[in-house]
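Notes follow once the structure below has been shown.
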Amino acid sequence: MIGLVIHSQLGNSGPMAAERAIGPRRLVELLGGLHGAGPVYTRLARGVEHLLLDGRVPPRSRVPSERSLATALGVSRTTVAGAYAELRARGYLESRRGSGSRTTLPSTPLDDEPAFLPSTDQRSIDLACATVPALAGFTRAVEAAVTDLPRYTAQHGYQPHGLPELRQALADRYTERGLATGPEQVIVTSGALAALDLALHHFTGPGDRVLCEHPTYPNALRSIELAGARAVPTAVDPTGWDVAMVEATVRQANPRLAYLIPDFHNPTGHLMDDATRQRLARALGSSGTPTVVDETMVELSLDVDEDDMPRPFAAYARSSGAPVLLLGSAGKSFWGGLSIGWLRVPRSLVDPLLVTRAGLSTSTPVLDQLVLTHLMADRHAMLVPRRAELRAQRDHLAAALRRDLPDWEFHPPAGGLTLWCALPHPVTTALTALAARQDVLLAPGPRFGIGASFERFLRLPFTLPTDQIDDAVERIGWAYHAAAAGSSPQVETFVA
């Protein structure tokens, strides 16, 4: 069983990490056996290190006692003690007399850096941010919005709730997706992060815990930090969500808020199935945990027909349970330069959230809202070619990686904008530094987690035109082979 103990001192695992305890049986399940060559204690140490670097065991996890883990594994206590000693020597475990041992991670050059931002250097190939250009027909929507604008310029222009016609269009889309929604349930914001900030300010205070996936969207982690809250990470592995860990975390950590990305999860691309949505909605509702569900990728389904997509997460929540807030955005599907986000919320939360918003921002630009209103009216016709283009770019990137970097592992997602690549060696921070010398900007795996987790992973957006993908992969391949060979001094931090 997974237990959680929250501490205010978080050490080198990052400012947002909250401590948990992992039971011996669960750790044995995650290890899946002690494979490889060498003494049993070194295989055990490598197994725990691998779980840490892949994010399946978060930093600040209190590990089982030597005796209990030895019993669960069927090995001697001396074997476990040797493994723990090796993990301490390599910087993956710290022990204190009377309080047990906790996982940790070696410090990385990323620890003190802010979240990454899109590059303005036109010479660089920017694969650090998953962004798309404006879709065809965007300028027509702008021209129509400019024509509509005089109807509003005689007014004060402040729309804290959002333009009625845009709220109606967004509400209609939720209803189409299987969740009956009225326009009064939609609050329009200045982008997706503004919507998340509104929820964080409303539901959390300094020191409160926010359940989030691990890995997750880096700027969401930053928003949690800036709100003074603490992230409680739960694993998303190559097969999907670790439902048992989420349920145990909800039950024992009692988070004040949860943040989930079930639709083409960023960065893994996973699509949460109906059964998982039902289980997580039940767990969060039973504990009274409000949940922000990030749907910014939901319109970018590449292999799943719209009619076959799971219903919005809120449709699985009981009416008597905790509130579910659906977070949407125009940035990923229409254009990042259109800074419009929104929340679909229960009716009982509309007025309280608008009161909270009054202390954060007064309104969202009217012209931008009018543009999105016109885009929504022509949504289906405009998104069909966008999805076809992204599908071709995804497949081209996958083929290029299989050709040039055949030992990289990834599962092409059914939607979204990114591949989540597992590398044979934990060198993505060094790889990123070397790729920058080739004018390719990347987002290394640790950006998406707590501490130095995911040093073996790299997120690659498939947002480049196909004629640029081969060039980008060739440069990335050079940087990877140089990093794996130890050409960068930073590599020694992770593989020594």
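Because the structure is a prediction, the values reported are computed rather than measured. What you see below is based on every heavy atom in this structure, not just the backbone, and it leaves out hydrogens, waters and symmetry mates.
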Going by atom types alone, do [X] and [Y] pair a side-chain donor with an acceptor below 3.5 Å?
X      : Y      : answer
Arg256 : Thr204 : no
Ser124 : Asp126 : no
Asp172 : Thr175 : no
Glu455 : Thr429 : yes
Glu213 : Trp241 : yes

Ring-face cation contact, Tyr316 with Arg311, 6.0 Å cut, 45° max =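 So Arg311 does make the cation-pi contact.
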Show your working on side chain to side chain donor-acceptor pair (under 3.5 Å) between Ser286 and Arg282 and close with a plain yes or no.
-> CA-CA 6 Å; Ser286 298; Arg282 185 183 309 117; over 6 Å; no
Non-hydrogen side-chain atoms of [X] and [Y] separated by less than 4.5 Å:
X      : Y      : value
Phe410 : Thr268 : no
Phe454 : His214 : yes
Thr216 : Val236 : no
Val293 : Pro262 : yes
Leu211 : Tyr259 : no
Leu343 : Leu349 : no
Pro255 : Thr249 : no
Pro215 : Arg459 : no

May I ask you to say whether [X] pairs ionically with [Y], meaning some side-chain N is under 4.0 Å from a carboxylate O?
X      : Y      : answer
Glu299 : Lys332 : no
Asp263 : Arg277 : yes
Arg173 : Glu176 : yes
Arg403 : Asp470 : yes
Arg177 : Glu295 : yes
Asp404 : Arg475 : no

Who are the side-chain hydrogen bond (donor to acceptor under 3.5 Å, both in side chains) partners of Tyr217, not counting sequence neighbours?
-> Asn219
With Thr289, which residues qualify under side-chain hydrogen bond (donor to acceptor under 3.5 Å, both in side chains), at least two apart?
-> Ser287
Within 6.0 angstrom of Glu184 CD, more than 12 heavy atoms from elsewhere = yes
Assess whether atom CD of Glu474 is packed by more than 12 heavy atoms of other residues, nucleotides or ligands within 6.0 Å.
->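 Not more than 12 within 6.0 Å, no.
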Write down the atom of [X], the atom of [Y], and the distance for their closest heavy-atom approach.
X      : Y      : answer
Pro461 : Cys129 : CG-O, 3.9 Å
Ala392 : Thr466 : O-CG2, 4.2 Å
Thr428 : Pro446 : OG1-CD, 3.6 Å
Pro413 : Arg394 : O-NH1, 2.7 Å
Thr364 : Thr189 : OG1-C, 3.1 Å
Thr432 : Leu442 : CG2-O, 3.5 Å

Aromatic contact, Trp420 with Phe457 (centres under 6.0 Å) =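 Yes: the rings meet the under 6.0 Å criterion.
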For Phe138, ring pair (Phe, Tyr, Trp, His ring centres under 6.0 Å) partners two or more places apart = Trp335
Could you give me the CA-CA distance, side-chain angles and deciding distance for Arg344 and Thr181, then say whether side chain to side chain donor-acceptor pair (under 3.5 Å) is met?
-> CA-CA 8 Å; Arg344 187 271 183 198; Thr181 302; 3.0 Å; yes
Step by step, would you call Arg387 with Glu306 a salt bridge (Lys or Arg N to Asp or Glu O under 4.0 Å)?
-> CA-CA 12 Å; Arg387 292 173 183 140; Glu306 283 191 8; 3.0 Å; yes
Between Ile340 and Ser190, is a side chain to side chain contact (heavy atoms under 4.5 Å, CB included) present by the stated rule, with each step listed?
-> CA-CA 5 Å; Ile340 297 286; Ser190 297; over 6 Å; no
Could you walk me through whether Leu271 and Met309 pass the side chain to side chain contact (heavy atoms under 4.5 Å, CB included) test, one step at a time?
-> CA-CA 9 Å; Leu271 176 63; Met309 284 285 291; 4.0 Å; yes
